[in-house]
Amino acid sequence: MALHEKISSILATEPLGSKVTVKGWVRTFRSNRFVAVNDGTTLQSIQAVVDYEREDEALLAKLSPGAAVSISGEVVESQGKGQRVEIMAESIEVHGTSDPERYPLQPKKHSLEFLREIAHLRFRTNTFGAIFRIRHTLSFAIHKFFHDRAFYYLHTPIITASDAEGAGEMFRVTTLPAGDPPRREDGTVDFTKDFFQQETNLTVSGQLEAELGALALSRVYTFGPTFRAENSNTSRHLAEFWMIEPEVAFANLKDNQDLAEEMLKYLIKEVLAAHPEDLQFLNDRLQQEESQKPAHQRSSMGLIEKLEFCVAEDFERLTYTEAIRILQNSKPNKKKKFQFVIEDWGADLQSEHERYLVEKHCKKPVILTDYPTQIKSFYMRLNDDQKTVGAMDVLFPGIGEIIGGSQREERLDVLERRMAEMNIPQEELSWFLDIRRFGTCPHAGFGLGFERMVQFVTGMSNIRDVIPFPRTPGNVSF
Ligand code: ATP
Ligand code: MN
């Protein structure tokens with residue numbers, strides 16, 4: 001099938017003198033003469049010049065913002081400013097009109113909050129066009145990165161019976177009637193009557209399943225939807241997000257850090273190479289947003305500069321213990337400016353601490369390792385000191401934690417002991433323990449929050465603006 005021309009290719013190749021047909025949506029129609037048409041393939045709209053003396057008035061009336069059109073004509077050099085080529089319209093077809101009184105996207109700047117309320121139309125704006133083109137490139141680059149390094153893409157289940165990561169944050173999956181579920185004698189819900197004959201939830205991570213794949217295929221990764229019923233209305237949390245989780249057999253914590261750093265740099269480079277125009281646009285919108293802030297809150301680097309900086313610099317690698325010392329001696333801690341003042345070793349790090357380390361102290365991405373056992377998951381490998389585990393978090397400027405990972409506990413006896421200490425029932429996870437029983441080996445992996453990556457690369461401050469249909473507490477309409 002021969003598709004019509006993409007506006008991006010016409011603007012890139014400037015085929016002067018040739019006849020083209022473009023199809024897209026009207027952005028503006030000025031002076032009864034100039035139609036700007038955008039088809040989402042590039043930030044730029046193409047200008048079509050209409051001969052209003054020849055065209056039917058009824059047709060011209062339909063060329064309002066939002067209308068879907070096909071326009072054919074010759075590509076000519078533009079007489080006006082702002083574009084090098086334009087189309088002399090010879091035939092115009094309006095597929096779908098858009099009532100100018102009711103179309104909410106006017107040719108002016110809309111607030112992101114407003115656009116979130118009409119999220120089904122956000123795609124039609126310059127900002128969201130740029131974001132979703134970049135989101136695509138990032139997801140494609142993730143597959144390419146792993147494919148080129150002999151990782152297999154593993155699809156892990158969305159419905160799971162295990163609650164491995166911590167109770168209370170999961171969405172239940174059930175076919176039992178909500179109003180009147182079958183009950184046991186003691187009044188509790190009888191889940192043996194449910195579809196799976198037990199309680200099930202939406203997955204919070206594909207890691208445990210990915211470990212099984214890695215201990216046979218050597219290197220695997222997941223890239224799928226992840227669900228967390230965290231009732232936190234932050235700018236970095238969604239109830240439904242996408243996560244990338246590589247898992248590597250015969251790898252230790254150092255290998256894991258190297259892989260994470262290499263991957264993040266690769267992804268940033270791919271976007272820099274593929275989207276100069278979209279990035280420049282986002283760079284400028286961020287600069288404008290920043291200029292509204294008080295001086296001390298402004299970021300010292302522009303978006304593109306920051307991306308190039310992250311590719312060029314080695315990430316700082318620190319242990320949790322070193323980080324705690326830095327934080328204890330920091331100004332905001334001494335002056336009690338942190339909401340959570342760091343008292344002792346063992347304290348969990350909050351986003352304010354992570355961002356201090358990255359943005360104020362190290363001034364570059366940081367990989368923190370070897371956290372206290374108590375604040376990390378049961379499956380992380382116990383270090384020889386018996387009080388820390390081989391965990392790693394990658395912290396990014398403006399974002400805080402972008403990756404969480406670890407070397408996994410491959411020793412059956414140590415893992416069983418840790419699970420007992422943390423009251424995790426072993427029967428439920430016998431399938432997970434089995435790979436420690438049959439051919440266990442050192443292995444490591446991590447989880448990258450896809451939307452946090454898109455946030456970082458696009459400079460968007462709210463995670464809701466980098467996913468097409470955000471799900472957050474109370475928001476699920478579209
Ligand atoms: P945080 O402390 O920021 O809530 P976490 O420790 O719960 O993160 P992990 O369980 O390690 O995160 O998950 C791995 C990665 O998934 C995180 O580094 C982050 O990038 C991303 N992530 C976690 N929770 C969310 C969420 N609710 N929305 C979007 N991304 C998330
Ligand atoms: Mn969390």
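Indexing begins at 1, ligand by ligand and atom by atom, following the structure's order. No hydrogens, no waters, no symmetry mates; every other heavy atom, side chains included, goes into these values.
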Numbered atoms and elements of ligand 1 in range of [X], under 4.0 angstrom, heavy atoms:
X: G449; answer: 15 (C), 16 (O), 20 (O), 21 (C)
X: G404; answer: 11 (O), 18 (O)
X: G447; answer: 14 (C), 15 (C)

Given [options], which has its nearest heavy atom closest to [atom]?
atom: atom 3 (O) of ligand 1; options: R452, M243, R471; value: R452
atom: atom 29 (C) of ligand 1; options: F227, F241, F396; value: F241
atom: atom 12 (O) of ligand 1; options: M453, K376, E401; value: E401
atom: atom 10 (O) of ligand 1; options: Q350, R236, R228, Q455; value: R228

Quick one: does ligand 1 sit under 4.0 Å from the side chain of [X], the backbone, both or neither, non-hydrogen atoms only?
X: I403; value: backbone
X: H237; value: both
X: E451; value: neither

Under 6.0 Å between ring centres: does that hold for F315 and F396? yes

So, do D370 and V389 sit near enough that their side-chain heavy atoms are less than 4.5 Å apart? no

Basic-acidic side-chain contact under 4.0 Å: [X], [Y]:
X: E410; Y: R381; value: yes
X: R437; Y: E416; value: yes
X: E247; Y: R408; value: yes

Could you grab the distance from atom OG of S218 to atom OH of Y152, nearest 0.5 Å is fine? 8.5 Å

With under 30° as parallel and over 60° as perpendicular, where do the rings of F123 and F132 fit, or are they tilted in between? tilted

Heavy-atom gap I463 to ligand 1 smaller than 4.0 Å: yes

Please walk me through it: do E343 and Q328 pass side-chain contact (heavy atoms from CB on, under 4.5 Å)? CA-CA 7 Å; E343 309 270 0; Q328 280 170 331; over 6 Å; no

Polar atom proximity, I402 to ligand 1 (N or O, under 3.5 Å): yes

